[in-house]
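Below you'll find the structure, written out as structure tokens, and then a few comments.
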Amino acid sequence: MLEMQAVKTLDLKMYINGEWTNSSDNKTREVFNPATGEVIAYAAEGTVEDARAAIAAAKEAFESGVWSDLPTVERAAYLLKIADKIDEKAEELAALETMNNGKPLREAGFDMGDAAACFRYYAGMITQPDGETYHVADPMQAMVVREPAGVCGLIVPWNFPMLMSVWKIAPALAAGNTVVFKPSEVTPVTPTKLIEIIEEAGVPKGVINMVHGAGPVVGNEIASHKDVDMVSFTGGTKTGKHIMKTAADTMKKVSLELGGKSPNIIFADADFEVAVDYALFGIYCGSGQVCSAGSRILVEESIYDKFIERFTERAKQIQVGNGADPETEMGPLVSQQHMEKVLSYIEIGKEEGARLLFGGERLTENGMDKGFFVAPTAFADTTQEMRIVQEEIFGPVVAIQKFKDEAEAIRLANDTDYGLAGAVFTIDGAKALRVIKKLRAGITWINSYHPTYNEAPWGGYKQSGIGRSLGTYGLDEFQEIKQININLEVEPVGWFKN
Ligand code: NDP
């Protein structure tokens with residue numbers, strides 16, 4: 001276990017134009033360990049002035065060309081250096097992630113590995129052949145080049161503090177942009193460590209700037225400021241809509257990774273134990289605080305009772321506790337406020353008449369009373385109009401429903417405002433693909449749940465977002481496309497009489 005006594009309270013400053021700074025009014029915010037309720041850090045509480053200073057630094061750095069004009073092999077070398085440093089510090093970073101976010105150490109460890117891999121992936125991508133040429137009418141030659149979008153505003157949530165930061169920072173820097181970055185005020189610890197690493201790697205001043213602070217203050221300034229060319233946001237759908245409206249005034253490009261209420265469809269012919277196993281992983285990994293969580297389980301009628309029995313038996317064995325304990329399988333929720341939101345949804349589920357199978361309460365035994373723990377929870381016999389079926393709870397709470405046939409499974413699966421992810425469990429390959437093709441969702445699995453790769457685009461349909469992270473699509477979000485038309489015979493056009 002991470003010894004709290006050994007960890008001194010951290011002082012998290014902001015990083016603006018290559019300097020570590022307090023906020024302009026010297027205010028700070030307490031940062032907590034959600035497993036113990038203890039204060040682990042004080043983070044500078046950024047102001048609108050701080051956000052403006054960061055935007056000005058990013059603009060100046062962009063216009064100077066200190067980053068965007070670098071040959072791609074040189075930019076790639078910086079990214080590779082950052083990846084190596086993340087690997088070197090992976091253990092320390094994972095422990096800090098667990099301490100601030102609450103996720104079990106093994107989850108945090110995976111996140112650090114993925115973070116380093118993401119920087120390496122984009123380092124490789126930008127050194128590949130790029131651009132297009134077109135054979136058009138003589139004597140013209142047309143070509144298309146990709147250019148950096150400019151100053152990018154990156155706003156991230158608290159559920160994967162390091163990984164969500166990297167999913168944006170790596171492609172934004174790879175594409176030659178400069179950055180103003182706002183981590184979640186709840187989980188600023190590993191994002192600050194990441195910026196220290198980027199500084200150590202020698203990235204020139206002004207290229208990356210980080211402002212801590214509240215979304216409605218710092219985030220809003222980033223989304224509205226005319227010198228920010230694009231904003232890439234991951235967070236709740238409500239906030240995403242607000243950012244889109246705010247960004248419209250200056251016609252910024254927006255990229256939005258939002259919430260979900262993803263269906264996990266289990267057919268009677270599925271490998272039963274595999275389906276139960278992934279259903280547990282789909283919802284309880286990350287304490288359900290995962291945008292793509294399989295928070296609705298749709299089970300074919302003939303195996304519904306059997307599924308519920310086995311799912312309950314397995315879920316009751318999940319070890320909940322402080323994520324720093326290697327035995328822990330599920331940690332706390334990220335904050336008291338969020339725990340209260342999740343508990344209030346459990347009450348809504350009961351009032352709506354869903355059948356509570358297990359859980360449904362805050363956990364306080366074995367030293368959990370100071371932290372923000374909620375038991376793995378499941379409701380059965382849920383119906384489509386229930387709020388616990390339609391709304392994102394973002395906690396360890398799953399709604400289980402029964403379906404009669406393939407058509408009903410598809411109808412129920414698609415019947416929410418969200419369209420982020422979904423999975424199908426069956427040994428019938430043709431049926432699996434038929435159903436997946438009908439799902440209105442951007443991230444899907446067959447006989448699996450959760451794994452995703454830097455190579456593959458991540459993002460949602462409907463109200464789950466606009467645009468994609470990762471893969472080549474993720475780089476596109478941070479680029480502008482320019483056509484260049486070259487006249488190979490420099491003569492007057494002759495359109496008007498001379
Ligand atoms: P929020 O939408 O509350 O916050 C996300 C970020 O936006 C935070 O940094 C927050 O700041 C900031 N913010 C809040 N209000 C504004 C505003 N008015 N203007 C600009 N920025 C603002 O989400 P949570 O942090 O609660 O994260 C959970 C949500 O994120 C879930 O709905 C989840 O589904 C979604 N998510 C989606 C993912 C995806 O890939 N699709 C991945 C991960 C999460 P502050 O620091 O004040 O909170």
Side-chain angles (χ1 to χ4, degrees), residues 12 14 29 31 43-46 48 51 100-101 103 111 153-168 180-189 191 210-225 228 231-247 249 252 254-262 285-295 333-335 337-342 345 391-395 416-421 441-443 450 452 456-470 474 477:
L12 305 177
M14 301 186 290
R29 176 189 291 262
V31 178
E45 179 70 8
V48 167
N100 188 190
N101 166 277
K103 64 175 66 189
D111 290 359
L154 313 181
I155 304 174
V156 302
W158 43 254
N159 61 342
F160 290 81
M162 178 73 160
L163 201 55
M164 290 301 103
S165 305
V166 168
W167 280 17
K168 296 188 187 304
V180 180
F181 164 54
K182 192 199 97 61
S184 162
E185 62 193 359
V186 182
T187 53
V189 175
M210 176 185 61
V211 188
H212 294 305
V217 179
V218 173
N220 192 65
E221 187 61 21
I222 292 171
S224 58
H225 200 290
V228 174
V231 62
S232 174
F233 167 82
T234 297
T237 292
K238 196 167 159 223
T239 317
K241 288 178 184 177
H242 178 80
I243 286 182
M244 197 172 167
K245 285 180 195 154
T246 308
D249 279 343
K252 284 181 192 21
V254 289
S255 174
L256 305 170
E257 301 288 342
L258 309 176
K261 192 75 186 177
S262 301
C285 173
S287 307
Q289 304 165 115
V290 179
C291 52
S292 54
S295 52
L333 297 185
V334 79
S335 67
Q337 193 191 11
H338 188 57
M339 175 184 71
E340 282 163 8
K341 178 185 156 194
V342 171
Y345 266 110
E391 297 176 22
E392 184 181 50
I393 301 174
F394 220 54
T416 76
D417 289 339
Y418 294 108
L420 189 60
I443 306 154
H450 275 327
T452 187
W458 180 272
Y461 289 19
K462 301 197 293 187
Q463 295 193 27
S464 289
I466 294 177
R468 293 292 181 272
S469 295
L470 301 179
E477 302 286 325

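Both backbone and side-chain heavy atoms feed into the values below; hydrogens, waters and symmetry mates do not. Whatever order the structure lists ligands and atoms in, that order sets their numbers, starting from 1.
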- Item | Min side-chain heavy-atom separation I393-S295 under 4.5 Å | no
- Message: Are any of the N/O atoms on W458, whether in the backbone or the side chain, positioned under 3.5 angstrom from an N/O atom of ligand 1?
- Response: yes
- Query: What is the closest protein heavy atom to atom 32 (O) of ligand 1, and at what distance does it sit?
  - Reply: E392 OE1, 2.6 Å
- May I ask you to identify, for F160, whether its side chain, its backbone, both or neither come under 4.0 Å of ligand 1 on a heavy-atom basis? neither
- Of all protein heavy atoms, the one nearest atom 20 (C) of ligand 1 is G219 C, 3.2 Å
- Query: Considering only heavy atoms from C-beta outward, does the side chain of V290 approach that of F160 to under 4.5 Å?
  - Reply: yes
- Going by the atom numbers of ligand 1, which of them fall below 4.0 Å from some non-hydrogen atom of N220? 19 (N), 20 (C)
- Message: Heavy-atom pairs closer than 4.0 Å: do any link ligand 1 to the side chain of T237, the backbone, both, or neither?
- Response: neither
- Task: Tell me, please: is A223 in heavy-atom contact with ligand 1, that is, under 4.0 Å?
- Result: no
- Of all heavy-atom pairs linking T187 and P157, the shortest is OG1-O, 4.1 Å
- Task: Below 4.0 angstrom from a heavy atom of G259, which ligand 1 atoms are there? Numbered from 1 as shown, please.
- Result: 34 (O)
- Query: Any N or O of N159 that comes nearer than 3.5 Å to an N or O of ligand 1?
  - Reply: no
- Task: Taking the side chain as every heavy atom from C-beta outward, state whether C285 and H450 have any pair of such atoms under 4.5 Å apart.
- Result: yes
- Query: Is any side-chain heavy atom of N100 less than 4.5 Å from a side-chain heavy atom of P161?
  - Reply: no
- Task: Using a 4.0 Å heavy-atom cut-off, say whether L258 meets ligand 1 through its side chain, its backbone, both or neither.
- Result: backbone
- Please write down residue, atom name and distance for the protein heavy atom closest to atom 9 (O) of ligand 1. V156 O, 2.8 Å
- I155, any N or O under 3.5 Å of ligand 1 N or O: no
- Got a donor-acceptor contact below 3.5 angstrom from the Q289 side chain to the V334 backbone? yes
- Note the single closest protein heavy atom to atom 28 (C) of ligand 1, along with its residue, its atom name and the distance in Å. F394 CE2, 3.4 Å
- Query: atom 18 (N) of ligand 1: which protein heavy atom is closest, and how many Å away?
  - Reply: H242 CD2, 3.3 Å
- Which segment of E257 sits under 4.0 Å of ligand 1 when only heavy atoms are counted: both
- Could you list which atoms of ligand 1 come closer than 4.0 Å to a heavy atom of A214? 47 (O)
- For E45 and G213, which heavy atoms make the closest approach, and how far apart are they? OE1-CA, 4.0 Å
- Heavy atoms of other groups near K245 NZ, more than 12 under 6.0 Å: no
- With no hydrogens and no angle check, do the side chains of Q463 and K241 hold a donor and an acceptor under 3.5 Å apart? yes
- Message: How far is atom 35 (C) of ligand 1 from the closest protein heavy atom, and which atom is that?
- Response: G235 O, 3.1 Å
- So which of L154, T239, I443 gets nearest to atom 14 (C) of ligand 1, if we judge by its closest heavy atom? T239
- Counting heavy atoms only, which of G215, G442, S335 is nearest atom 19 (N) of ligand 1? G215
- Is the closest side-chain heavy-atom distance between S335 and W158 below 4.5 Å? no
- Message: For ligand 1, which is the ligand I care about here, please tell me if G236 has any N or O atom under 3.5 Å from one of the ligand's N or O atoms.
- Response: yes
- Message: Checking Y418 against E392: is there a side-chain donor and acceptor pair closer than 3.5 Å?
- Response: no
- Message: Just so I know, are the side chains of W167 and E257 near enough to count as touching, which here means a heavy-atom distance under 4.5 Å?
- Response: no
- ligand 1 versus H338, non-hydrogen atoms closer than 4.0 Å: side chain, backbone, both, neither? neither
- Item | Test of proximity, E185 against ligand 1: N or O pairs below 3.5 Å | yes
- Task: Out of C291, A247, G240, G213, indicate the one that has the non-hydrogen atom closest to atom 42 (C) of ligand 1.
- Result: C291
- Please work out which of F233, W158, Y418 has its closest non-hydrogen atom nearest to atom 4 (O) of ligand 1. F233
- For S464 and G259, which heavy atoms make the closest approach, and how far apart are they? OG-O, 2.7 Å
- Does one side chain, of K261 or T416, offer a donor that lies under 3.5 Å from an acceptor on the other? no
- Message: Can you report which non-hydrogen protein atom sits closest to atom 27 (O) of ligand 1, along with the distance?
- Response: P157 CB, 3.3 Å
- Task: Identify the protein heavy atom lying closest to atom 11 (O) of ligand 1, giving its residue, its atom name and the separation to 0.1 Å.
- Result: K182 NZ, 3.1 Å
- Taking side chain as C-beta onward, heavy atoms only, is E185 less than 4.5 Å from R29? yes
- Message: With a 4.5 Å cut-off on side-chain heavy atoms, are I466 and M244 touching?
- Response: yes
- Query: So is G460 close enough to ligand 1, meaning a heavy atom under 4.0 angstrom away?
  - Reply: no
